[in-house]
Amino acid sequence: MTSEPDTASVPVATEKHRPRWAETLLLLVRNPMAIASGLVLIGLLVVGLFGQWLAPYGHNEQFVGGQLEAPSGSHWFGTDEAGRDVFSRVLLGAEVSLRVGAVAVGISLVAGVLIGLLAGYYGRWLDDALMRFMDMLFAFPALLMAIAVLAILGRGENNAMIAIGIVYTPIFARVTRASVLTVREDVFIRASRSSGAGDARIIFRHVLPNAAPPIIVQTTISLAFAILSEAALSFVGLGTQPPNPSWGRMLSEGRGFIEHAWWMALFPGLAIFVTVLAFNVLGDALRDVLDPRQRSTLSGKGAR
Amino acid sequence: MSGYVLRRLLQSLVVLIGVSILVFAIIHLVPGDPIRQALGTRATEAAYQALRARSGLDDPLLVQYFNWIGSALTGDLGVSFRSGRPVTALILERIPATLSLAVAAIVVALLIAVPLGTISALKPRSPVDWFATVSSQAGLSIPDFWMGIMFILIFAGTLGWLPSGGYVGLTEDPVEWARHLVMPAVTAGVASGSILTRFVRSSVLEALGQDYVRTARAKGMRARDVLTWHVLRNALVPLVTVGGVQLAYLLSGVVIVEIVFAWPGLGQMALQAVEARDYSLLQGAVLLFAVIFLLVNLVVDLLYAKLDPRISYQGAAR
């Protein structure tokens, strides 16, 4: 975690002066893995947004006498113990997973980046105080900490977002701080300071944009882990509550019927796997483009 | 050297004190009366008053904290609100199961990571390398609870080779202990193995590019000997750090795997404590996990500084 990203390796605009995001995108689409994961994520987003219209049945629509039916033409993923269509529930679960993941990462992104900016830019005692506090949060295993936070706040989807958001804040603070340290003394920052710009202006106009690449990579990877955490919390009954279709919840229900109805557990799990994999692969591809020096050093922490 | 050790120790102490304050705060952040909640509606007023008095919750906060941390330092983590038994005893009962699982899982992780990472580094951009990259991505992304359930479906349900869950003590029946351990250990070990595979790969790649490897090759040393004596010896030193961090995780973070396999370890206990609103037990478990995590990290850092003299030098210079 101590190795510092090399901002010099960030692709700079070519002679045509393309904006940096366009340059990044161009580099990204050369990687077939990035395209594949991007397509999967676009598909998921469509399902998340329009699942209601895409699903053949409602998420609580029950077929009387049609309980625990094996996959067939009318129920592609079979039915569960209450006679509900598993395929429809998996489609509708995408929205829950993506929403919880996005809000949770949004919380850690805002909190972590702010803390990292302050610590990295001002340094000294503020840096020490903020980062030691982050170290304290970091000392708890991720899932256990989320469970402890939910023990305080109470179970449920919204609290799960907050819990996951708190858990992943320190990693954003660390990544941001490390990145800020590399740009803090750059010439353009010093120039801006000597021309009388205020701290807030320097931080948000100059430091943050230049420190952004590792943060973008971390956001993508954190989405993967946040979705995994939501599924895990719902699996143990602390996250999304029934009858909402959450993949983790469906999996824990399917676990009880594993001998008779393997499809109840197989498909929700596969959905989690594909989603998390897509975010992870995209995160890796982004890292290759935006932040090549950081390869394989960051992914270790925050996995669970 | 000693400067680095001292600073690292001091830093850990500060974090440890902070961690203890956070854990102490849990019980005060819970809405409502924690004792009332733990006892439920069945308890008599006398039982409530007795537990309330015993918990010391009516003392001033500072007194409570120092009493709690003072007892914790002597190994007394208080009394479980639910069962009335000492928290320390409840934790000690769970340690063999958790330790078995964590050690077995890290062995699985290393058995995956060292060969796969080394081979893929020796043949970069080969099919093996591609396989290693893809499988480590997959291993990181696969939900462990799903993998566990699928293992149960295949190996316990369909094939009937292994028990679907539960734990047998090593001293009771070593064979059954191992049979019960296989699926949980593989389930818990895959994610760590994936992280370690990437790490071994980049570490071996780096070692392969070093001058001493080129020299060894140039003087006609056999490829296999170069690999064993120069490449792996140097590449695997940093594995101590990452492997140590993974072990710390496995010791404290296998909640889900323990639930799936009905494994009576510390993670399962922590979750049961949440469900039973047994906050004193939860506090004890969380404190223990954080302390284990900090200590393993500290030991690993110090060990690494000893193994690689450059680290302590950098530490002292900064």
Side-chain angles (χ1 to χ4, degrees), chain A residues 2 33 128 132-133 135-145 147-155 221 224-225 227-228 231-233 235-238 247-248 251-252 254-255 258-259 262 265-266 268-270 272-281 284 295-297 299-301 303-304, chain B residues 11 14-16 18-19 21-23 25-26 29-31 133 137-138 140-147 149-150 152-153 157 164 191-192 194-196 198-199 201-202 242 245-246 248-249 251-256 259-260 267 270-271 273-275 277 279 282 285-286 289-291 293-294 297:
Chain A
T2 46
M33 298 292 274
D128 272 332
R132 285 301 84 74
F133 182 59
D135 285 350
M136 287 166 204
L137 294 185
F138 227 35
F140 300 97
L143 192 64
L144 192 80
M145 184 161 148
I147 290 173
V149 173
L150 287 173
I152 296 167
L153 298 177
R155 56 190 69 197
I221 291 170
F225 290 127
I227 288 173
L228 209 49
L233 289 173
F235 179 76
V236 297
L238 294 174
W247 292 336
L251 204 46
S252 85
R255 183 180 159 222
I258 192 69
E259 308 259 320
W262 50 267
L266 178 73
L270 212 54
I272 304 170
F273 179 43
V274 169
T275 310
V276 174
L277 186 63
F279 276 114
N280 264 332
V281 170
D284 251 31
R295 287 212 69 173
S296 82
T297 52
S299 49
K301 173 72 201 196
R304 269 152 299 153
Chain B
Q11 205 181 18
V14 171
V15 173
L16 200 60
V19 161
I21 294 173
L22 286 181
V23 175
I26 291 179
L29 292 172
V30 172
T133 310
Q137 279 286 13
L140 258 183
S141 308
I142 197 163
D144 45 9
F145 41 101
W146 182 58
M147 187 167 40
I149 293 172
M150 290 298 124
I152 292 174
L153 173 65
S164 65
S192 295
S194 306
I195 293 167
L196 294 178
R198 294 172 166 207
F199 188 78
R201 180 183 180 276
S202 63
V242 188
V245 173
Q246 287 305 316
Y249 266 109
L251 277 171
S252 52
V254 281
V255 183
I256 294 286
I259 300 292
V260 170
L271 195 70
V274 171
E275 277 161 4
R277 300 176 194 277
Y279 298 114
L282 180 68
V286 173
F289 287 142
V291 170
F293 188 75
L294 283 172
N297 265 310

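Protein chains get the first letters and strands the later ones, always in sequence-line order, with residue 1 at the start of each.
Of the two parts of I259(B), the backbone and the side chain both hold a non-hydrogen atom closer than 4.5 Å to a non-hydrogen atom of chain A. Neither the backbone nor the side chain of L150(A) comes within contact range of chain B; no heavy atoms are under 4.5 Å apart. Within the 4.5 angstrom heavy-atom criterion, atoms from both the backbone and the side chain of A231(A) approach chain B. Heavy atoms of I149(B) lying under 4.5 Å from chain A belong to its backbone as well as its side chain.
Chain A forms the most heavy-atom pairs under 4.5 Å with one residue out of L282(B), V23(B), L29(B), L16(B), and that residue is L29(B). Of the listed residues L270(A), I147(A), V149(A), the one with more heavy-atom pairs under 4.5 angstrom with chain B than any other is L270(A). With chain A as partner, the option from V291(B), V260(B), V242(B) having the largest number of non-hydrogen pairs under 4.5 angstrom is V260(B). Annotation: maximal heavy-atom pairing with chain A below 4.5 Å, among A273(B), A138(B), S194(B), occurs at A138(B). When the candidates L153(A), D135(A), L266(A), I272(A) are compared by the number of heavy-atom contacts under 4.5 Å with chain B, L266(A) comes out ahead.
Within the 4.5 Å cutoff, no side-chain heavy atoms of F273(A) are placed close to those of M147(B). Taking 4.5 Å as the limit, some side-chain heavy atom of R198(B) sits within range of a side-chain heavy atom of D284(A).
In terms of heavy atoms, G18(B) sits closest to M136(A) at CA-SD, 3.4 Å. Counting all heavy atoms, side chain and backbone alike, L251(B) lies closest to F289(B) at O-CE2, 3.9 Å.
The environment of E275(B) atom CD is dense: over 12 non-hydrogen atoms of other residues, nucleotides or ligands sit within 6.0 angstrom. For R255(A), the CZ atom is densely surrounded, since the number of other residues' heavy atoms within 6.0 Å is greater than 12.
Counting only distance, with no hydrogens or angles, the side chain of W146(B) and the backbone of A265(A) share a donor-acceptor pair below 3.5 Å.
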